[in-house]
Structure formats: structure tokens, C-alpha cells
Amino acid sequence: MTARRMGYEGVVAVAPVTVPYVRYCIQSAHWWLGKALASLLRQSGLGKDDVDGMCVSSFTLAPDTAVGLVQHLGMSPRWLDHIPMGGASGVVALRRAARAVQAGDADVVACLAGDTNHVDSFRNTVSQFSRFAQDAVYPYGAGGPNASFALLTRNYMNQTGATREDFGKLCVAQRANALRFPHALMKKPLTLQQYLDAREIAAPIHLFDCVMPCAGADAFLVMREARARDLGLPFVRILSTIERHNAWRGDAIQMRAGWSVDRDAFYDHAGVTIADVDFLQAYDDYPVINMMQIEDLGFCEKGEGPRFVRDHSFTVDGSFPFNTNGGQLSVGQAGAAGGYLGMVEALRQLTDAAGDTQVPQARIGLVSGFGMINYDRGLCTGAALLARSDA
Amino acid sequence: MTEPLTRPPRKDPVARTRQATRPPTPRSRRALGLTAAAALGRFELQVCQDCGTTQYPPREVCGHCLSERLRWQPVDASGRLLALTVLSHSNDLYFRERLPWRIGSIEMAAGPTVVAHVHGDCKEGDTVRLALKLDRSGQAVMIALPQEATPHMEDDKTLRETSSDPKFRRVLVTDGKTAVGLAVIQALLDAGATTVFAGDPETWRRSAQFDVLCKDPRVLVQDLNITDGDSVERISRSIGGKVDILINTADYQREGGILFNRDMNKAREALDINCMGLIRLAQHFGPAMAGRAADGINNAVAWVNVLSIYAHASLPARGLWSMSQAAALSVSQCLRQEFLHSGGVRVVNVFSGPLDHEWEQRTPPPRVAPKAVAAAIVKALREGSEDVYVGDVAQEFLARWRDNPKGLEREL
């Protein structure tokens with residue numbers, strides 16, 4: 001018998017920070033994470049020693065971990081976590097930090113994710129990504145995530161009848177959103193025809209299905225609601241969170257992931273229904289995983305993703321506001337910060353700080369994370385339901 | 001349908017020779033179990049001895065029941081190709097030079113899902129047969145092949161890259177007059193070799209069989225004596241840039257042990273031919289072959305040593321000869337690593353039981369026909385294996401040696 005889960009009452013997320021991304025950078029990950037922490041302090045008015053918890057995600061911090069970063073940044077937290085979960089890092093950081101604050105193990109947790117991108121960083125990251133990848137994926141053409149997602153996309157298309165036009169519709173909509181977001185690296189509009197005409201990378205993946213690796217950092221703070229009020233910081237409430245790793249391990253190829261295991265408990269715990277969700281920030285390193293999230297999170301049945309895409313528009317002002325800042329496909333993928341991009345955007349949306357990407361009357365948002373193609377599939381999934389302070 | 005290869009044109013003498021790059025090499029220690037199987041041309045995965053689950057990728061403990069009792073053993077190599085992609089981009093130089101490249105996800109009948117190179121004649125939904133092959137880094141890779149052989153399937157990129165097929169290649173047989181040498185020349189001609197350079201260390205000794213073989217215009221006789229450094233150097237300067245495969249068939253075999261056999265000339269000659277000869281060949285032909293390891297369709301691909309199983313454990317009745325075989329094996333192991341690090345020319349060791357030739361006249365049967373050795377060499381080259389044991393005696397020797405080396409030592 002599983003114990004009843006506690007809620008997150010009285011714990012909030014504040015101060016979404018994005019250190020503007022750049023394509024290449026000669027600095028190290030420490031520089032990006034340091035900039036992110038400095039921005040958090042500036043935005044919140046807190047001092048270094050007020051931050052007594054830290055949670056770090058980065059692929060390019062080696063040989064350091066969160067531990068090395070603590071001394072590098074001259075911090076002295078009493079609670080420290082390192083979350084190597086790639087695209088699921090943002091959601092997982094939020095739920096870990098929230099419980100630490102709730103239990104009194106920390107008062108203010110800085111959640112940081114960032115990576116640098118040297119000219120050869122990406123190759124180094126993919127060639128040494130995991131033991132299974134080193135033994136059983138990289139020697140097969142060294143295509144990196146493009147190749148893995150090409151296989152998952154092929155299978156998804158075979159099973160559901162999804163077409164390139166369906167994936168293209170999502171990419172085009174996200175680009176339209178990105179044009180409203182000042183930090184997006186992609187500044188030019190994208191048409192469906194341009195999407196379809198792009199060069200092939202690993203069939204059926206073409207250029208605009210791929211995220212562009214870049215350098216950058218994102219961050220936020222978790223603290224008690226009372227503290228946020230004292231500091232005068234707009235805050236966001238946490239309704240529910242889930243995480244799941246290596247779900248459906250008997251499936252021969254990935255058509256579904258952890259969200260579908262925990263979905264019902266997720267909405268029940270939050271006390272909301274799917275109809276209450278005003279926007280979705282999904283992890284979008286490739287469009288196929290957007291469709292799997294839409295299905296697995298319950299917006300449509302399994303296999304109905306393509307029809308859902310045809311029935312909706314995904315722009316900020318559309319029928320299903322989705323990846324409102326353009327997502328990684330148009331903003332860029334700054335390593336582990338890619339797992340924070342949707343989270344900080346959701347925090348902005350729910351504190352009316354989203355500027356031109358603001359979804360009118362957004363009260364409840366869903367942030368979803370997906371990470372780590374360890375071998376043939378993504379292992380880490382997570383999701384959080386968030387609400388504006390008065391919702 | 002695989003597009004058949006055509007005989008490559010003469011090399012442009014001013015064109016830069018493409019230097020070899022290697023596919024990704026690093027593997028976990030456990031994954032080297034795949035390499036061990038592939039080197040012998042076997043298909044083996046780890047199977048849990050407690051719950052029977054087949055593992056892939058290689059693991060330390062069973063992914064199902066956590067038992068540490070995982071054993072490498074043959075498993076059903078069939079599966080279904082669930083998804084296929086053609087890479088137009090790669091992060092690795094070796095593959096960049098060979099794009100487009102096909103890979104796919106295969107659901108094995110034995111359980112696991114495998115990411116593998118995919119032969120051009122396989123399509124999504126097909127039942128395929130997985131093979132473990134050594135790639136140009138010397139590590140094992142999975143290749144999905146059509147369940148039934150298709151025309152010219154050996155010419156597909158995935159197989160041409162992982163094999164050393166003699167088709168359209170030029171081969172040096174270092175001693176064409178030994179029993180094995182004669183058989184190998186014929187087998188290479190039958191296998192579609194463009195040229196066979198046949199070494200003749202003893203021009204004064206006539207061999208009718210050799211003379212017949214030399215009537216084929218593809219056979220070019222070379223005055224090569226591997227005990228003479230000048231001879232090896234002279235021939236290497238003449239043909240070294242055209243040798244794609246080298247097969248060392250030279251052998252000096254005499255009876256007698258060591259304790260009661262105070263004949264140092266015999267020891268010296270055995271070493272001079274079987275070991276020092278190999279070193280001379282390696283030093284003069286090896287560097288040029290390493291430099292041509294990625295030189296198009298007829299790149300330099302393989303170095304074959306014909307050795308005896310008694311290289312592994314001395315046969316006391318032929319102790320001096322066994323000693324020279326063990327020394328040659330040691331040389332071959334050094335060459336194997338050096339070639340791997342300088343382009344990927346594959347060192348193939350063919351271990352034979354007693355040969356059916358004049359120097360084994362008093363050895364009781366079963367003995368191995370030289371033709372069988374030649375056939376095993378061509379098969380190893382075509383299939384890309386690295387260690388080959390020819391004949392029933394050699395196979396039994398291998399099983400005994402792996403089972404109980406000390407026991408084998410007592411029984412020889």
C-alpha cells in the first residue's frame with residue numbers, strides 16, 4: 001500500500017532566470033552557472049549566505065560536480081544535490097528542492113542548470129554519454145541523438161501514420177513563438193515548406209527537427225511562500241509533480257514513457273483536470289517526443305498525437321499554447337539547461353513576466369521533462385503542474 | 001539488391017592516398033566479450049545462468065534477476081527490423097567518410113533490442129539475422145543481414161568494411177611452393193583476387209604444381225626469400241604498394257624435442273623462418289599496408305599468419321618447432337595491436353592441426369588437408385574473423401585448451 005503523498009502547500013518557485021544563450025562560447029560551465037546564481041541573487045535581493053540549498057545540473061562541468069561548484073562559487077549550503085537527468089532536470093530539481101524546503105532542511109534552494117558549448121563539446125558529450133551508448137550506440141555511425149530519435153520517429157510514424165507535415169506544424173508554431181522571445185537564437189521565421197525542404201540528417205529527421213547545441217543557463221529559486229511574500233517576489237505554487245525512470249522496460253522500442261504510468265495520480269494529486277491546463281511546456285529535443293508527451297500526459301489517446309496536432313494551433317495565441325518561448329527547437333539546447341527552459345518559461349507565464357510570449361489569463365501550466373537516451377530510449381521523465389499565486 | 005562492386009581502376013599516382021580513420025574504439029571491459037566472440041566468427045551474448053534472460057548491451061549483473069552468473073553463449077541471432085534510418089550526418093570522421101550509413105533497431109527473438117548496422121538488402125519489418133563482426137577498430141559490432149543470402153551481398157558497405165574479401169584485391173603468398181601455399185594460390189584465384197604474387201624462395205627446386213598455377217596470368221612469381229632481409233626489401237620496394245593482403249605460408253617444420261636434440265642449427269633455422277621471417281616481412285611490407293588501409297575498394301586489409309595450434313602449447317615431440325610457432329604467435333599479437341593503431345589492417349591467425357604434408361608423414365590421422373587450410377583462410381577473409389582453428393584436431397585442441405590448459409600440457 002502506497003502512502004498518501006503530501007502536497008506542496010506553502011512552498012513556491014520564484015525568480016526565473018535565463019542567462020542569454022550563445023551558439024559557441026570559450027568560457028566553461030562554471031562561468032554560466034556562476035552568472036545564473038548571480039542573476040538569482042540580483043533578482044531576489046538575497047545574499048549568498050541566504051541561499052542554503054543548491055541543486056545543479058550540467059553535462060560540461062567535469063571533472064567537477066555540484067560539489068566542486070560550491071567551492072568555485074564560494075557557497076556554503078547545508079543541502080546540495082546534483083541531478084544528471086538532462087531534460088528531466090528542471091522538474092526533478094523543483095520537486096527535490098520543494099521537499100527540502102518543506103522539511104526544513106533548507107530555506108532557500110537555488111536550482112541551476114547550465115552548459116558551455118565549445119566547438120567540440122557536443123562530440124565529446126555524445127561519445128561518452130553513457131556506458132551503454134559507448135558500447136552499443138556510438139560505434140553504430142556515431143549519429144548521436146539524431147540517430148536515436150530517427151529510429152524512434154520512424155517507428156512512431158509507422159505505428160500512428162504521423163507525417164513530416166505533422167512534425168513540421170509543431171516546429172513552425174514553435175518558431176512563431178520564438179520570434180516573440182528575445183533570448184531565442186533562431187530569429188528568422190520558418191515556413192512549413194522550408195521545414196520540408198531542409199536537408200536530411202538521419203531519415204526521417206531533417207535539419208529543423210534537430211535542436212541546435214549552444215551555451216547557456218537557466219535557474220530559479222525554491223522557498224517558502226511567506227519568504228517570497230517578505231521579499232516581494234512574485235511566486236508560483238506547485239500543485240503536483242511526478243518522475244519515473246525506465247518505464248515500460250519491456251517495450252521493444254519506445255512509443256510511450258513514464259508520464260503514462262503516473263498520469264492519473266498526477267492530476268488527482270493536483271486536484272485539477274486536463275481541461276484546467278492553460279499551457280504545456282514540453283521537452284522538445286525532437287518533435288516526435290512532443291507528440292508522445294501530448295499523448296502520455298492525457299491530452300489525447302495514444303496514437304492520436306498526429307490528429308491532435310492537426311486539430312490545434314500551438315502558438316502563444318492558439319488553441320493549445322505550447323512551448324511558448326519557442327522551445328529548444330528555436331531557442332537552442334544549452335545542454336542540461338534544456339531541461340529548465342520550459343520550467344523558467346512556465347514560471348514567467350504564471351507571474352505575468354513572459355512579455356511578448358504571455359498567454360492571456362494563464363492560471364495553470366504543465367511543465368514536462370524528458371531526458372537521457374542512455375541506450376535506445378529516453379529514461380527519465382517528469383512533469384509538474386504549477387499554478388499562479390491566486391489560482 | 002546489392003550493387004556489385006566493379007574492379008577498381010588503376011590508382012592515380014598523383015592522388016593523395018586517403019589515410020585510415022577508425023570507427024569509435026572505446027568499450028567497457030565487459031563488452032569485449034562481444035569482441036572475443038566476433039574474433040572467432042561466433043555469435044554470443046551473455047545469458048543469465050539463473051533466470052535465462054539474454055542480455056544486451058553487455059552487463060555486469062542480470063538486468064532481470066540481478067544474478068552475477070552471466071555467461072557468454074550462442075543465442076538465436078534472428079530478429080525483426082523495427083525501425084531503420086539512413087544517417088546523412090555523423091559526429092565521427094570514419095563514418096563521415098562513408099555516409100550515407102544505415103542503422104536500425106532490431107527486436108531479437110532472444111529478447112533484447114539491438115541497435116545495429118543494417119545491410120542494404122534489409123527493410124523495415126523484415127526478419128533479419130544478426131552477425132557479430134569486427135570493425136576497423138578491431139571491436140565487435142552487430143550487423144543486421146538478410147535472413148537468406150542475396151546476390152552480391154558481400155559487396156555491401158557494411159560487410160566490405162568489416163571483412164577482408166579477396167575479391168578485387170592483390171595478395172602476396174610469401175611461399176607459393178609449400179603445400180599450403182599451393183592450395184592458397186588456387187583458392188585466391190577462385191575467390192576473385194585480381195593478382196596473386198607468389199613467393200618462390202627456391203627457384204632451383206622445380207614444382208610441377210607451382211608451374212601450372214603460374215600459367216594463370218593473375219599469378220606473378222616473386223623471387224622472395226624471407227630469411228634474406230635484402231630479398232624481402234627488394235620485393236617490398238617492387239610490389240609493396242600493391243599488396244592488399246599478405247598471407248605468410250612459409251614454414252620450417254622438423255621433428256624432435258629439445259632435451260636430447262643438441263642441434264642448434266635446427267633451432268636457429270626454425271626461428272629464422274617462422275619468427276624472424278615474419279618480422280622481416282612485417283618491417284618491410286607492414287608500413288606500406290598500414291598506409292593504404294583506407295585506399296578505396298582495394299585497400300590493404302589483412303595480414304594472415306598460418307600457424308600451428310602448438311603455438312599455444314608445446315608439442316614436446318616437436319619442441320623446437322613449437323618454440324618457433326610460439327615466438328611467431330607472439331610477433332603476431334604485437335603486429336595485431338600495431339596494425340590496429342595504424343589503420344586497421346587485420347591480423348588473422350589461422351591455427352591448424354597436423355597438416356597432411358611430407359613433414360607430418362609419421363603423424364597419425366586425422367590430418368588437415370592443405371586445401372582445407374586454404375579454404376579456411378578465404379572464409380576468414382570473407383567473414384572477417386581474426387582467429388581460425390582448422391580441422392577437428394585444432395577444434396578439439398581449442399576446447400581442451402580453454403577448458404584446462406594445465407591438463408592439455410600434461411597430455412601433449
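Quick caveat, the model's predicted, so the values are computed rather than measured. Scope of the values below: all heavy atoms of this structure, side chains included, with no hydrogens, waters or symmetry mates. Lettering follows sequence order; numbering is per chain, from 1.
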(request) Return the option, out of A:Leu152, A:Leu151, A:Ile253, A:Val126, with the maximum number of heavy-atom pairs under 4.5 Å with chain B. (result) A:Leu151
(message) Let me confirm one number: the OH-CZ distance from A:Tyr140 to B:Phe95, rounded to the nearest 0.5 Å.
(response) 9.0 Å
(message) Only pairs of heavy atoms separated by less than 4.5 Å count here; which of B:Asp92, B:Leu99, B:Thr25 has the most with chain A?
(response) B:Asp92
(request) Evaluate the ring planes of B:Tyr56 and A:Tyr375, with Trp represented by its six-membered ring, and classify them as parallel (under 30°), tilted (30 to 60°) or perpendicular (over 60°). (result) perpendicular
(message) Between B:Ile106, B:Ile103, B:Thr85, who has the most heavy-atom pairs with chain A when the cutoff is under 4.5 Å?
(response) B:Thr85
(request) Under 4.5 Å, counting heavy-atom pairs only, tell me which of A:Pro139, A:Gly143, A:Ala150, A:Ala147 racks up the most with chain B. (result) A:Pro139
(message) Check whether B:Ser88 reaches the backbone of A:Ala202 with its side chain - one donor and one acceptor, N or O, closer than 3.5 Å.
(response) no
(message) Let's go through A:Glu200 and B:His89 carefully: what are the C-alpha distance in whole Å and the side-chain angles of both, what is the deciding distance for side-chain contact (heavy atoms from CB on, under 4.5 Å) to 0.1 Å, and is it a yes or a no?
(response) CA-CA 8 Å; A:Glu200 190 171 273; B:His89 173 272; over 6 Å; no
(message) Is A:Asn158 close to chain B through its backbone or its side chain, or both, or neither, when contacts mean heavy atoms under 4.5 Å?
(response) side chain
(message) For the residue pair A:Asp376 / B:Thr113, report whether a side-chain donor-acceptor contact shorter than 3.5 Å exists.
(response) no
(request) Report yes or no: does B:Asn91 contribute a side-chain atom to a donor-acceptor pair with the main-chain N or O of A:Ala142 at less than 3.5 Å? (result) yes
(request) Select one option (side chain, backbone, both, neither) describing which atoms of A:Asn146 are under 4.5 Å from chain B's heavy atoms. (result) side chain
(message) To the nearest 0.5 Å, what is the distance between CZ on B:Arg27 and OH on A:Tyr138?
(response) 11.5 Å
(message) Would you compute the distance between atom CG of A:Asp135 and atom CD of B:Gln139 and round it to the nearest 0.5 angstrom?
(response) 9.0 Å
(message) So for atom NZ, which belongs to A:Lys188, do other residues, nucleotides or ligands contribute more than 12 heavy atoms lying within a distance under 6.0 Å?
(response) no
(message) One pair to check against side-chain contact (heavy atoms from CB on, under 4.5 Å): A:Phe132 and B:Arg59. What are the steps and the verdict?
(response) CA-CA 9 Å; A:Phe132 280 2; B:Arg59 284 187 166 86; 3.9 Å; yes
(message) If we define contacts as heavy-atom pairs under 4.5 Å, which of A:Arg123, A:Gln134, A:Arg199 has the most with chain B?
(response) A:Gln134
